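Step one of this worksheet: look at the structure below.
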Amino acid sequence: MARYELVKRSVALITLTNPPVNALSSAVRHAMAKSMEQALNDPKVTAVVICGENGRFCGGADIREFAGPLRGPPLVPLLDAIEAGEKPVVAAIEGVALGGGFELALVCHYCIAHFKARLGLPEVTLGILPAAGGTQRLPRLIGIPAALELITTGRHISAQEALKLGIVDQVTEQNACEVAVEFALRAVAKPLSSRRVSMLTTPCPPDLDALLEVVTMEVKKKARGVMAPLACIQAVRAAATMPYSKGIKRESELMATLFNSGQARALQYCFFAQRTAGKWTLPSGAQWNNSKPREIRSAAIIGLGTMGRGIVVSLARVGISVIAVESEKKLLETGKQMVIGMLERDAKRRGVSASLNLLKFTLSLQDLKDVDLVIEAVFEDMALKKRVFQELSKVCRPATLLCTNTSGLDVDALAGVTDRPHLVVGMHFFSPAHVMKLLEVVCGPRSSSETIATAMSLGKRMGKVSVAVGNCPGFVGNRMLKPYMDQATFLLEEGATPEQIDKALEDFGFAMGVFRMSDLAGLDVGWRIRKESGLTGPDVDPKNPPRRRHGRRYCPIPDMVCEQGRFGQKTGRGWYMYDKPGGTNAKPDPLIQNLLEMYRSRYAIQPRNISDQEIIERCLFALANEGFRILEDGIAARPEDIDVIYLFGYGFPRHRGGPMFYASMVGLERVLERLEHYHQAHPDVPHLEPSPLLKKLVACGSPSVQTWREHIKTMHSHL
Ligand SMILES: CCCCCC/C=C/CC(=O)SCCNC(=O)CCNC(=O)[C@H](O)C(C)(C)COP(=O)(O)OP(=O)(O)OC[C@H]1O[C@@H](n2cnc3c(N)ncnc32)[C@H](O)[C@@H]1OP(=O)(O)O
């Protein structure tokens, strides 16, 4: 857990040995305390160097230990003792120094960082604060504004930025540990008092209160309802207004308010859920760690619409050659100019040169014969996609992978028209594809494990959070969206307004309520799909009662909104009104209010007052209920996968953990009881009928979300 060696006859080298990130588990803290004691008591030792094994200094506290009672030596006295010691201690930072790892570096009298190292205090992203003195030492070292920024955002900084800020003393391209040992030898004779950061006076701006007020407002706006950043601000205020001994107590009190909070549990769950999602498995036994992905050097994108353009940018910026195909010269030229502009802007932002040399634009599918992988991103029309896949089968070499960027169509039906169904997989990107982190990798029943491994690994290479899902209409994300949006429109019928529903969802933590989000996405897409599936338009069977389809409740209000040419932000009108087409400032529209009133009076619906609680319960429990069905159907392998999809693709608030974690936090029994209640009130809404898996979990005593998988006996796992 910590290795102790004497090097150069007088330097104690303490190496943290807790792979993969040398987290400060209780065993590591114990070993460190022993090693430090040995070093400080050994007269041969004149200086100490602390480093981490395998080129990683320290990833911070062992987050897994937060779930149970805290054991082992506390970190604060250990760190205080290191700082107070009479022998110089040098941190040799390679890889990462995060959280408690960064706090450890802050108590060392000197820091040497490898030029590729990253440092940061990401505790806030885990719902806590840096409680091993980080909130007290960092402001003393780099000042209040810079410390506030790092602590409230959790941003990682490079070694170069750390040098500029005065956090590290030297950046090296050599072995940081060797450089640190030499540095330590030179430091032996030097006085240490000015190197003890807790003894420094915090440089305090004259307008401290105004500064803290501005940061508080910013934080509240960015992370609505999230507690940890606000507690971080209070802790930093203590660093500015109190001596270290009092400030550290304040830090600890604030940590106590966060440590066992639901938000901290949710955020820590998100951290592990994201990592769990990468670990896909198939019923065949193939999985992430036994299936080798193919190397992808070249790719082709068919279609240069919004999605296609974003995918081209995502591929090119990670060094993959891309051939982009359009069907008409004008579309090709427009797409080309937009892609070039996007890549140039992206490169400028990242301070690199745009990889335009990797791009080729063509009107001919024949040019694709040698590429490793094709992603089709044409219009969401099955017949068109089938034609493209048939063509691709003819022109591409037999080993080329064929991927479809569809948001819900049958991937296996597309595989069926090719000569290589095992090489076909869905890659559902989210718009804009070069910005959104989520990728649903849709595994058809015939997709090979190598194909899935390749799509997952390509997603990772593009910086996406990739989740493997089964093949069913809408896959996971969009399948769950339907009951959520249905509830929102039913609530409109019953008396709510779009702004009331959106406010309730935004107060819950969504960046955008369902109606604002729909306006942004465009209302015409859903309308076209509803027309094509005979739910609205001339194909509706006139024998249907007006607000029913296929024996279920149906709300035609979204169709009525579209019939007025209100397609959302792009037309300047949707559920809200905007200053102009493309405007983003949503204002409630009296015309929508009129439409709702006329609608209710036409169908003799007596509007009622609807509470925010009902809005949240009906929208979010219906959402989670569909998630349970998805688990039953084997379309998602684990609740973590569903939650990750909603966190990264649909703006579900991270401090709530995702829809499935949220349901577990509310209590499955309560969710079941409320769904039963609402289903009784609305028996013609099948989505409100509690799923068998939910009932089963409640009958099993509502086990923790991490163990649900053991209770899912899927007969037809698609994953
Ligand atoms: C008395 C209690 C002690 C209190 C001490 C004072 C309090 C301090 C607060 C903290 O320090 S909170 C922790 C702050 N640190 C972090 O948030 C860092 C989290 N980790 C990362 O950001 C990344 O893992 C990384 C370090 C940048 C490495 O990224 P990479 O992509 O290379 O690997 P991953 O796949 O993310 O991780 C590999 C593996 O390691 C697990 N893991 C990573 N960090 C931790 C950690 N701090 N604790 C426990 N486990 C960690 C991760 O889950 C992966 O494991 P898996 O099994 O593959 O899921």
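Keep in mind that this is a model prediction, so the values were computed, not measured. Whatever order the structure lists ligands and atoms in, that order sets their numbers, starting from 1.
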- Message: Below 4.0 Å from ligand 1: does a non-hydrogen atom of V21 turn up there or not?
- Response: yes

Could you check whether [Y] and [X], counting side-chain N and O atoms only, form a donor-acceptor pair closer than 3.5 Å?
X    : Y    : value
D641 : Y646 : no
H156 : R118 : yes
Y662 : D643 : no

- Note on the structure: For G60, the atoms of ligand 1 under 4.0 Å from one of its heavy atoms are 11 (O)

Using heavy atoms and a threshold below 4.0 Å, how should the contact between [X] and ligand 1 be classified: side chain, backbone, both, or neither?
X    : result
I63  : both
L126 : side chain
P20  : side chain
L75  : side chain

Selection from [options] by shortest heavy-atom distance to [atom]:
atom                    : options               : result
atom 20 (N) of ligand 1 : F66, F272, F271, F102 : F271
atom 27 (C) of ligand 1 : V124, L98, L267, V28  : L98
atom 59 (O) of ligand 1 : R118, R56, E65, K279  : K279

- Protein heavy atom under 4.0 Å of atom 31 (O) of ligand 1: no

- Query: Does the distance from a Lys or Arg side-chain N to an Asp or Glu carboxylate O, for R294 and D372, drop under 4.0 Å?
  - Reply: no

- With a cut-off of under 6.0 Å to the ring centre and 45° to the axis, is R140 in cation-pi contact with Y244? no

- Message: Using a 6.0 Å distance limit plus a 45 degree cone around the ring axis, check whether R275 lies over the aromatic ring of F271.
- Response: yes

- Query: Are any of the N/O atoms in A23 less than 3.5 Å from those in ligand 1?
  - Reply: no

